Amino acid sequence: MLNQTSITEFLLLGITDIQELQSFLFVIILIIYFLSLAGNGAILIVVISDPRLHSPMYFFLGNLSCLDICYSTVTLPKMLENFLSTHKAISFLGCISQLHFFHFLGSTEVMLLAVMALDRYVAICKPLCYTVIMNHQVCTQMAVTVWIIGFFHALLHSVMTSRLNFYGSNHIHHFFCDVKPLLKLACGNTELNEWLLHTVTETIAMGSFFITLLSYFYIIIYLFLKTHSCRMLRKALSTCASHFMVVVLLFGPVFFIYIRPASGSSMDQDRTVAIMYSVVSPVLNPLIYTLRNKEVEGALKRVIRRRP
């Protein structure tokens with residue numbers, strides 16, 4: 001009889017097995033991680049401390065920065081540790097926990113971007129009703145709702161994955177624990193897990209993307225029909241440009257990995273694309289928002305000037 005408790009840990013094979021690149025990649029990822037923490041931390045601080053930024057748009061931006069800080073911390077510290085270690089192990093419980101928090105924070109961010117698109121729609125298309133519709137209570141309820149849905153979505157995947165049996169290889173061809181690499185190692189029937197991954201995750205991702213596209217469609221139609229000033233049109237579109245860039249950076253890789261048919265899947269491709277949304281996207285988000293947002297820039301300058 002096979003020993004069903006034989007696998008108590010997994011080995012994360014990482015980005016590459018070329019030993020000469022390990023030190024170089026460690027430095028690059030470490031810099032990216034600190035930049036992500038510093039950039040998102042700075043946005044979070046100014047959004048909380050500056051009364052001029054106490055509006056729905058910046059409330060959601062603060063949530064996004066908080067998510068990106070946590071999102072980076074789920075995967076990057078373990079990746080950095082493995083660059084310097086010869087034994088790239090993660091315990092079974094640690095692996096399931098990493099999987100849970102990765103999907104919890106990732107799915108929450110996807111839904112939050114849809115909420116931010118709705119906020120821009122109300123601000124531009126219904127400006128006179130904006131403060132009534134997007135009041136503090138509504139904003140808080142929307143934020144709490146996406147965090148709760150994200151948590152239970154991730155809990156579904158982590159519980160179902162933890163119930164699988166792992167008898168053979170414990171080598172994960174990835175730099176963090178994700179559902180798809182673990183399903184490839186599992187013994188027995190994984191059809192339900194694959195169905196949940198594609199159906200539930202696809203519903204959340206496609207639903208959020210559809211809401212985002214629909215919001216921008218109505219914004220563009222409204223601006224072209226109602227706005228006769230080119231300057232006002234450019235100003236309105238500029239407020240949406242930062243958010244749309246973040247949407248493209250996140251949804252593109254997510255669709256490639258989780259929405260694409262499994263038959264066209266390659267672990268090497270998935271691993272490369274995963275770097276985009278787990279490593280690059282969190283560090284680019286604060287850069288995109290600060291470069292294109294004069295209010296955030298001004299708030300950062302005021303915080304710096306206040307320091308003794």
Side-chain angles (χ1 to χ4, degrees), residues 15 24-50 52-77 79-80 102 105-117 119-120 123 143 175-176 208-209 212 215-216 234-256 272-307:
I15 298 174
F24 172 74
L25 288 173
F26 173 83
V27 173
I28 297 298
I29 299 298
L30 183 64
I31 292 171
I32 289 174
Y33 182 46
F34 278 125
L35 286 175
S36 176
L37 293 181
N40 287 294
I43 288 179
L44 197 56
I45 289 169
V46 298
V47 166
I48 293 172
S49 63
D50 195 321
R52 301 179 198 185
L53 301 184
H54 290 177
S55 65
M57 183 173 82
Y58 295 108
F59 170 74
F60 294 127
L61 179 57
N63 272 265
L64 182 66
S65 294
C66 180
L67 278 168
D68 280 335
I69 290 171
C70 299
Y71 197 47
S72 299
T73 304
V74 168
T75 56
L76 298 194
M79 189 197 303
L80 290 167
F102 181 81
L105 298 166
S107 58
T108 302
E109 182 161 337
V110 164
M111 291 183 286
L112 182 65
L113 289 175
V115 170
M116 292 172 76
D119 171 68
R120 291 299 82 211
F175 56 89
F176 66 91
S208 300
F209 189 64
T212 303
S215 298
Y216 278 109
R234 282 197 303 268
K235 184 179 178 181
L237 290 174
S238 179
T239 62
C240 301
S242 300
H243 178 258
F244 190 73
M245 289 170 69
V246 172
V247 167
V248 171
L249 281 172
L250 181 64
F251 277 95
V254 166
F255 284 166
F256 183 87
T272 303
V273 174
I275 294 172
M276 188 64 197
Y277 65 80
S278 62
V279 179
V280 178
S281 183
V283 76
L284 286 183
N285 288 354
L287 191 64
I288 291 168
Y289 277 107
T290 52
L291 286 178
R292 299 191 59 88
N293 193 306
K294 300 299 181 185
E295 289 181 311
V296 175
E297 280 186 27
L300 281 170
K301 290 174 182 176
R302 287 191 294 273
V303 168
I304 293 169
R305 282 199 297 268
R306 281 203 300 265
R307 292 184 64 184

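Here the structure is a predicted model, which means the values were calculated and not measured. In what follows, every heavy atom counts, from backbone to side chain, and hydrogens, waters and symmetry copies are set aside.
- With hydrogens and angles ignored, the 3.5 Å screen pairs no side-chain donor or acceptor of Ser36 with any backbone N or O of Ile32.
- For Tyr58, there are no ring pair (Phe, Tyr, Trp, His ring centres under 6.0 Å) partners, not counting sequence neighbours.
- Between Phe102 and Tyr71, the ring-plane angle classifies as parallel under the 30° and 60° cut-offs.
- The side chain to side chain contact (heavy atoms under 4.5 Å, CB included) test applied to Ile48 returns Leu44, not counting sequence neighbours.
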Evaluation steps, side-chain contact (heavy atoms from CB on, under 4.5 Å), between Asn285 and Glu109: CA-CA 12 Å; Asn285 288 354; Glu109 182 161 337; 3.6 Å; yes

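- Considering CG of Leu76 and CG of Leu80, their distance stands at 6.5 Å, rounded to 0.5 Å.
- In this structure, the side chain to side chain donor-acceptor pair (under 3.5 Å) partners of Tyr33, at least two apart in sequence or on a different chain, are Thr73.
- With rounding to the nearest 0.5 Å, the separation of CG in Leu35 from CG in Leu287 is 9.0 Å.
- For the atom pair CG of Leu53 and CG of Leu61, the computed distance is 8.5 Å after rounding to the nearest 0.5 Å.
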Derivation and outcome, side-chain contact (heavy atoms from CB on, under 4.5 Å), residues Met116 and Asn63: CA-CA 10 Å; Met116 292 172 76; Asn63 272 265; over 6 Å; no

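- Taking Val115 as the reference, Phe60, Met142, Val146 meet the side chain to side chain contact (heavy atoms under 4.5 Å, CB included) condition, with sequence neighbours excluded.
- Separating the CG atom in Leu105 from the CG atom in Leu112 is a distance of 11.5 Å, to the nearest 0.5 Å.
- For Ala42, the side chain to side chain contact (heavy atoms under 4.5 Å, CB included) partners are Leu300, not counting sequence neighbours.
- Annotation: the span from Ser65 atom OG to Leu37 atom CG amounts to 11.5 Å, rounded to 0.5 Å.
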Counting only pairs under 3.5 Å, give me each side-chain donor-acceptor contact of residues 273-281, with atom names and distances, residues two or more places apart or in other chains.
unit_1 : atom_1 : unit_2 : atom_2 : d
Tyr277 : OH     : Tyr258 : OH     : 3.4
Ser278 : OG     : Ala274 : O      : 2.5

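- In this structure, the separation between CZ on Phe209 and CG on Leu113 is 11.0 Å, given to the nearest 0.5 Å.
- What you find for Ser208 and Ala114 is that their closest heavy atoms are O-CB, 3.5 Å.
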